[in-house]
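Quick notes on the structure that follows.
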Amino acid sequence: MEKKIKAQPKLKIRTGDLVVVIAGDSKGVKGKVLSVDIAKNRATVEGANMVTKHTKPNAKNPNGGIVKMEAPITISNLQLVDPKSGKATRVGRKLVDGKLVRYAKNSGEVIK
């Protein structure tokens, strides 16, 4: 019996992008994307959606205790920051020199 693999959507946000949180408790926070989980449609943003985690003592943290860390946010609650204006923008895709690139819809500038 073969398993059907569900096609995963092409996300407009990638690791390393500068994004702004547009909804939730961290609304308005700008930060760099640390990781993206395509299957769960979530991304972890630096400094946003901070949670406290109780950790047991281990080699890295001999005392254990309470650690503040970032939790993943749904990608629909994030928007890319326009490289020109520094404000939130939608993302489009277009062919430039035979290569598909992302661009900011507000300014039309290509996102690196």
Nearest heavy atoms of Ala104 and Pro83, plus distance in Å: CB-CD, 4.2 Å
State, with a plain yes or no, whether a side-chain heavy atom of Arg102 is found less than 4.5 Å away from one of Arg14. yes
Measure across Ala48 and Ser26 and return the closest heavy-atom pair with its distance rounded to 0.1 Å. C-OG, 3.8 Å
Closest non-hydrogen atom pair between Ile111 and Tyr103, with its separation: CD1-C, 3.8 Å
Under 3.5 Å, which donor-acceptor pairs do the side chains of residues 85-95 form with other protein atoms, sequence neighbours left out?
unit_1: Ser85; atom_1: OG; unit_2: Lys87; atom_2: N; d: 3.3
unit_1: Thr89; atom_1: OG1; unit_2: Lys105; atom_2: N; d: 3.4
unit_1: Thr89; atom_1: OG1; unit_2: Asn106; atom_2: N; d: 3.2

Gap between atom CD1 of Ile13 and atom CZ of Arg42 - 0.5 Å precision: 13.0 Å
Could you give the distance from CD (Glu46) to CD (Glu70), rounded to the nearest 0.5 Å? 6.5 Å
Quick one: does Asn49's side chain have a donor or acceptor within less than 3.5 Å of a partner on Pro72's backbone? yes
With Ile75 as partner, the option from Val33, Ile38, Leu11 fulfilling side-chain contact (heavy atoms from CB on, under 4.5 Å) is Leu11
Could you check if a side-chain atom of Leu78 sits within less than 4.5 angstrom of a side-chain atom of Val20, using non-hydrogen atoms only? no
Quick one, Thr44 and Ile73 - any side-chain contact, counting heavy atoms below 4.5 Å? no
Between Ser76 and Ile22, the two heavy atoms sitting closest are O-CD1, 3.8 Å
Tell me, yes or no, whether the heavy-atom count around Asp25 atom CG, taken from other residues, nucleotides or ligands under 6.0 Å, exceeds 12. no
Candidate pair Lys112 and Asp17, rule salt bridge (Lys or Arg N to Asp or Glu O under 4.0 Å), full reasoning: CA-CA 9 Å; Lys112 301 281 186 286; Asp17 283 348; over 6 Å; no
In this structure, CG of Leu80 is separated from CG of Leu18 (nearest 0.5 Å) by 7.5 Å
Using salt bridge (Lys or Arg N to Asp or Glu O under 4.0 Å) as the criterion, list what pairs up with Asp82, not counting sequence neighbours. none
Spatial distance of atom CG (Asn61) from atom OG1 (Thr55) [nearest 0.5 Å]: 5.0 Å
